[in-house]
Amino acid sequence: MFGWDRNPLRRRIDRVEAGTLAGLIIVFLIGAPILVAVAGHWARAAGMRTLRAEATWSEVSATVQQSASSQSEASTGPEGFVWVQARWTAPDGRPRSGSIAIGPAVAVGNTARIWVSRSGSPTGEPRARSELLGWTPMAEVGMALGLAFLFFLAVRLERWLFGRSRLAHWHRAWQAQGPRWTGQR
């Protein structure tokens, strides 16, 4: 496959192709572990940043200002939640208001528990540590599969390009030798 034997029928282009393939394999074997480690580090760092940001969130009580039953179907969110206007106090003590997602059975004046950032903006519920850090192995596997696919494409491209070059060489050789032994001029 690599053409490293000293076969006299092997052409120069065959040896160049074999060297190129060996180079691609070496680049993949050296580069893949490095890039997989970088992807894992990046995913873990992103998860840790998100964990640190979510650690500053607080759960507060929000007073519903609008009836959920008066909402149209267009304002219904995921899992049957309805977006309504509410008021709450931010962790820094300032009053805030805005839209929050609540169940359809909550009436005006009832309270709902929501998660807010340090500035008082609604954030949604914090995610579990395992969920955020679970992206690390997925990023590593994804990078490995992506690199393997790129390697496959590079090898296919290399084979195609050298095949075209080989066919052009054969065509030129046939044009030079064919008329000598076929009797055609």
Side-chain angles (χ1 to χ4, degrees), residues 1-4 13-62 74-103 106 111-165:
M1 178 172 127
F2 288 109
W4 291 336
I13 193 165
D14 296 333
R15 288 188 290 276
V16 171
E17 180 182 11
T20 305
L21 179 60
L24 283 173
I25 291 171
I26 290 170
V27 167
F28 177 76
L29 291 177
I30 292 172
I34 293 169
L35 291 175
V36 165
V38 167
H41 176 72
W42 175 79
R44 183 168 176 76
M48 294 303 290
R49 278 192 305 274
T50 303
L51 279 174
R52 282 193 290 279
E54 289 179 355
T56 64
W57 295 356
S58 302
E59 191 174 19
V60 298
S61 292
S75 65
T76 301
E79 291 120 25
F81 288 105
V82 179
W83 290 93
V84 296
Q85 291 295 315
R87 291 184 185 203
W88 62 91
T89 303
D92 62 2
R94 292 185 298 165
R96 298 287 308 253
S97 65
S99 294
I100 63 169
I102 61 168
V106 179
T111 60
R113 300 292 289 172
I114 62 169
W115 285 89
V116 294
S117 66
R118 218 180 298 174
S119 65
S121 301
T123 59
E125 193 171 333
R127 290 171 285 185
R129 178 182 178 88
S130 62
E131 179 185 350
L132 291 172
L133 297 181
W135 287 100
T136 302
M138 290 174 53
E140 292 170 343
V141 168
M143 178 62 77
L145 290 174
L147 288 174
F149 182 70
L150 286 176
F151 174 73
F152 172 76
L153 289 179
V155 169
R156 296 298 297 171
L157 178 65
E158 183 245 2
R159 295 279 183 180
W160 181 73
L161 289 173
F162 278 101
R164 284 180 49 108
S165 178

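Numbering of residues begins at 1 and proceeds along the displayed sequence. The shown structure was predicted, so the numbers you read here are calculated from the model rather than taken from an experiment.
- Summarising the geometry of Phe81 relative to Ala101, their closest heavy-atom pair is CB-CB, 4.1 Å, with the distance given to 0.1 Å.
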Inset, instruction - Just do the side-chain contact (heavy atoms from CB on, under 4.5 Å) check on Met48 and Leu133 with the steps written out, would you? - result: CA-CA 7 Å; Met48 294 303 290; Leu133 297 181; 3.8 Å; yes
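- Side-chain contact check for Thr89 versus Val60: every heavy-atom pair is 4.5 Å or farther apart.
- The shortest heavy-atom contact between Gly120 and Ala90 is CA-CB, 3.6 Å.
- Considering every non-hydrogen atom in both Ala32 and Leu147, the closest pair reads CA-CD1, 3.7 Å.
- For the residue pair Arg87 and Ser97, the shortest heavy atom distance occurs at CG-CB, 3.8 Å.
- Leu161 is not listed as a side-chain neighbour of Glu17, based on a closest heavy-atom distance of 4.5 Å or more.
- Atom CH2 of Trp115 has more than 12 neighbouring heavy atoms from other residues, nucleotides or ligands inside a 6.0 Å radius.
- Side-chain polar atoms of Ser61 and Arg113 form a donor-acceptor pair below 3.5 angstrom.
- Looking at heavy atoms from C-beta onward, Phe151 lies in side-chain contact with Ile25 at the 4.5 angstrom threshold.
- Residues Ile102 and Ala112 share a closest heavy-atom pair of CG2-CB, 4.0 Å.
- For the atom pair Arg49 CZ and Leu51 CG, the distance stands at 11.0 Å (nearest 0.5 Å).
- Between atom CD of residue Glu140 and atom NE2 of residue His41 there is a gap of 11.5 Å, rounded to the nearest 0.5 Å.
- Side chain of Arg96 to backbone of Pro122: no donor-acceptor contact under 3.5 angstrom is found.
- Counting heavy-atom neighbours within 6.0 Å of Arg118 CZ, excluding the residue itself, gives a total of 12 or less.
- Note that CH2 of Trp135 is 11.5 Å distant from OG1 of Thr50, once rounded to the nearest 0.5 Å.
- The CH2 atom of Trp42 lies 10.0 Å from the OG1 atom of Thr136; values are rounded to the nearest 0.5 Å.
- To the nearest 0.5 Å, atom CG of residue Leu29 and atom CD1 of residue Ile34 are 11.0 Å apart.
- Of the inter-residue distances, the one linking Trp88 atom CH2 with Thr111 atom OG1 reads 14.0 Å to the nearest 0.5 angstrom.
- Of all heavy-atom pairs spanning Ser117 and Thr123, the tightest one is N-CG2, 3.4 Å.
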